[in-house]
Amino acid sequence: MATKVSIPEFEATAIDAIPQIANTARGAFRTHKTKKLQWRQMQLRKLYWALDDYQPQILAALKQDLHRSDFESLLTEVEWLKKDCLFMLEHLEKYAKDEKLRSPDVPFTYSFMNFRIRKEPLGTVLIIGPYNFPVQLLLAPMIGAIAAGCTAVLKPSELTPACAMVVKDLVEKRLDNTAISVVNGGIPETNALMNEKWDKIFFTGSAAVGTIITKKAAETLTPVVLELGGKNPAFITKNANLPLAAKRLLWGKTLNSGQVCMSQNYVLIDKDLVPTFIECLKQAYKDMFPNGAKASPDLARIVNQRHFQRVKKMLDDTKGKIVMGGAVDESENYIEPTAVLVDSVHDSMMEEESFGPIFSIYPVNSLDEALNVANLVHRTPLSLFSFGSKAENQRVLNEMTSGGATLNDAYFHGSINTVPFGGVGDSGWGAYHGKASFDCFTHFRTISETPLWAEKLIAVRYIPYDLSKLKLLNRFTSKKPNFDRNGKVVKGFGYWASLVCGLGGKSAKGDDE
Ligand SMILES: NC(=O)C1=CN([C@@H]2O[C@H](COP(=O)(O)OP(=O)(O)OC[C@H]3O[C@@H](n4cnc5c(N)ncnc54)[C@H](O)[C@@H]3O)[C@@H](O)[C@H]2O)C=CC1
Ligand SMILES: CC1=C(/C=C/C(C)=C/C=C/C(C)=C/C=C/C=C(C)/C=C/C=C(C)/C=C/C=C(\C)C(=O)O)C(C)(C)CCC1
């Protein structure tokens, strides 16, 4: 792990080179080579070994950019992506195969038309990444794009410059550069990329920039996947295991120093539990950081001064009481894992997205109140967490939506890479991971094939029309409802007899029949 590596200084891609980069990727798609399963498999295999070989550079870059521990970098980036490659390679043939459409999707009477779904790559896609998991959140969508047979241009975050340079080197040296390339830079380079025509844009980042990207994409009707943030609530009721809830939620705010878009922003807790919960949090903190968080070699730092100041401002502006942590050190962008007890939804700790190691605790009188507050703060967060009885957890799921949810833990729904992950409403559009990554870059093209011999059978459609023939056709192709005009399900002998005889149930018959 301690291999010495040298990472080149960050260098932005020349703006005037960007149209040609996009053009090359579009040209590669037009050769149709990326549609071949063999090309996709080869790229994924090469990526797997590239990740293995570049592990020292990736770990060093993450240390340089985010002060990340090797443990976290391996768990959430290198090993994560290698698993992604293997999972996709294992299932790719199955995903890419034409899907035959049968009854009930295609009525039996049309079965001779060989309805099927062909999985077509969308084309040339742009993938824009954020800074918090700078390798994973760029290459995981790329794995989906390659698997689907697309060509792609990647734009890493300029806030993690070492990672951006390592990813560029890896892609350029190990993958097919006519089809996959990396543009480095910030706003001007992203704007130049946005001036090109893409078949899909996959954006991970803030809602503000997501809005800019979506507006620009709308000009050319380019579909966009948005993986955005959210103000994610955690619910704790009297039926929760408090020590476990505290420990697991603290984990959610220590991984990558809480720079995790799906981690909790605030905890809604039964007011009687507050003192014990705070004690449990303090105990969990002591267990994780016996010498204090700052001395821990495992805690990442905030990515830069700007984000340090943003998180610090939330603490400076709060009217609440710091009940755990609270220390900051600007010289190393350090913010201690911090919990703040608040009493207003208008507190800075409730209104801003933390995206750091800090969160608030908001006491409530009941689960009713907790659900009201959560729906008021953010109706469609990226995730939510519920620590209660089975019935209470179910109620939280029923009465509040979110991109994903974890019961009795912090973001476990997003901690395995094979199940769909994405937001809802203003926390994101679209999903990826596992099969969803393949689907995300695939056009599901329905194809039917009318046999020449069937001409007589289907001649009913031609002018001049004949209503009696339509009635006959309907008898073969239309189903009768199993419900009456009051919405009541009609079962029993009368219903089945009506179906068999093709006359329709008495109570379900239409007026005009
Ligand atoms: N849902 C998800 O999977 C994730 C969401 N996020 C969200 O991302 C945010 C933090 O990430 P950041 O890197 O700060 O996001 P950001 O939105 O500032 O930047 C994301 C990307 O957009 C580019 N960009 C920035 N400003 C731009 C502009 N004006 N025009 C065009 N491009 C621009 C950046 O170069 C970067 O590549 C948080 O809000 C977090 O919740 C972060 C990680 C995962
Ligand atoms: C191995 C055996 C067993 C099972 C052991 C188990 C189940 C171990 C569990 C380990 C845990 C808790 C691992 C935690 C992993 C966390 C991960 C990978 C977190 C990832 C976070 C990411 C990628 C964050 C992304 C952030 C994003 C997208 C964002 O900002 O939005 C048995 C069953 C015990 C049997 C023996 C063997």
Side-chain angles (χ1 to χ4, degrees), residues 12 65-66 68 71-81 83-84 126-141 154-161 163-164 167 182-195 201-217 225-232 247-248 251-252 254-263 265 302-304 306-307 310-311 352-356 378 381-383 402-404 406 409-418 421-424 426-433:
D65 287 337
L66 286 152
R68 257 287 186 81
F71 181 98
E72 286 188 9
S73 298
L74 286 167
L75 183 73
T76 64
E77 315 246 12
V78 181
E79 292 301 331
W80 179 281
L81 288 165
K83 281 184 197 150
D84 257 5
L126 172 64
I127 298 170
I128 304 175
Y131 74 76
N132 60 333
F133 292 89
V135 186
Q136 187 221 132
L137 295 178
L138 197 67
L139 298 190
L154 318 182
K155 213 298 284 174
S157 170
E158 74 282 20
L159 303 190
T160 39
C163 290
V167 165
V182 176
V183 164
N184 265 332
I187 297 176
E189 292 75 14
T190 315
N191 286 342
L193 284 165
M194 290 301 298
N195 286 333
I201 297 171
F202 190 107
F203 173 82
T204 306
S206 62
V209 179
T211 308
I212 297 172
I213 299 288
T214 308
K215 277 185 182 164
K216 181 73 184 165
V225 173
L226 296 174
E227 298 289 342
L228 309 174
K231 285 179 269 178
N232 309 314
K247 193 173 175 185
R248 292 175 178 184
W251 170 71
T254 53
L255 186 93
N256 202 27
S257 231
Q259 296 165 104
V260 180
C261 60
M262 53 183 174
S263 66
N265 224 51
I302 303 300
V303 68
N304 60 21
R306 179 166 64 86
H307 279 279
R310 177 186 60 76
V311 181
E352 311 291 328
E353 182 194 1
S354 137
F355 209 59
H378 189 179
L382 184 60
S383 39
S402 64
T406 293
D409 211 329
Y411 50 78
F412 235 83
H413 64 275
S415 298
I416 61 165
N417 55 352
T418 48
F421 173 79
V424 59
D426 63 358
S427 62
W429 299 350
Y432 71 128
H433 288 179

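Both ligands and their constituent atoms are indexed starting at 1 by order of listing. Note that the structure is predicted; figures quoted are calculated from it, not measured.
Contact annotation: for Phe133 versus ligand 1, there are no heavy atoms closer than 4.0 Å. Neither the backbone nor the side chain of Val260 has any atom closer than 4.0 Å to an atom of ligand 1 (non-hydrogen atoms only). Of all the heavy atoms of Thr204, the ones lying under 4.0 Å from any atom of ligand 1 are found in both the backbone and the side chain.
Contact analysis leaves Glu227 out of contact with ligand 2, as no non-hydrogen atom separation drops below 4.0 angstrom. Within the 4.0 Å heavy-atom shell around ligand 2 one does not find Asn417.
Distance from atom 7 (C) of ligand 1 to its nearest protein heavy atom, with residue and atom name: Gly205 O, 3.1 Å. The protein atom (non-hydrogen) at minimum distance from atom 36 (C) of ligand 1 is Gly129 O, 3.2 Å.
Counting heavy atoms from C-beta outward, Pro156 and Val182 have side chains that approach closer than 4.5 Å. Counting heavy atoms from C-beta outward, Tyr411 and Val260 have side chains that approach closer than 4.5 Å.
Distances between N or O atoms of Asn132 and those of ligand 2 include at least one value under 3.5 Å. Between Cys261 and ligand 2, at least one pair of N/O atoms sits closer than 3.5 Å.
Interface of Met262 with ligand 2, defined as ligand atoms under 4.0 Å from a residue heavy atom, comprises 24 (C), 25 (C), 26 (C), 31 (O).
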*Could you walk me through whether Phe355 and Tyr131 pass the ring-ring contact (aromatic ring centres under 6.0 Å, His included) check?*
CA-CA 11 Å; Phe355 209 59; Tyr131 74 76; 5.7 Å; yes
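Distance check on atom 24 (N) of ligand 1: some protein heavy atom falls below the 4.0 Å cut-off. Checking atom 36 (C) of ligand 2 against the protein gives no heavy-atom contact under 4.0 Å.
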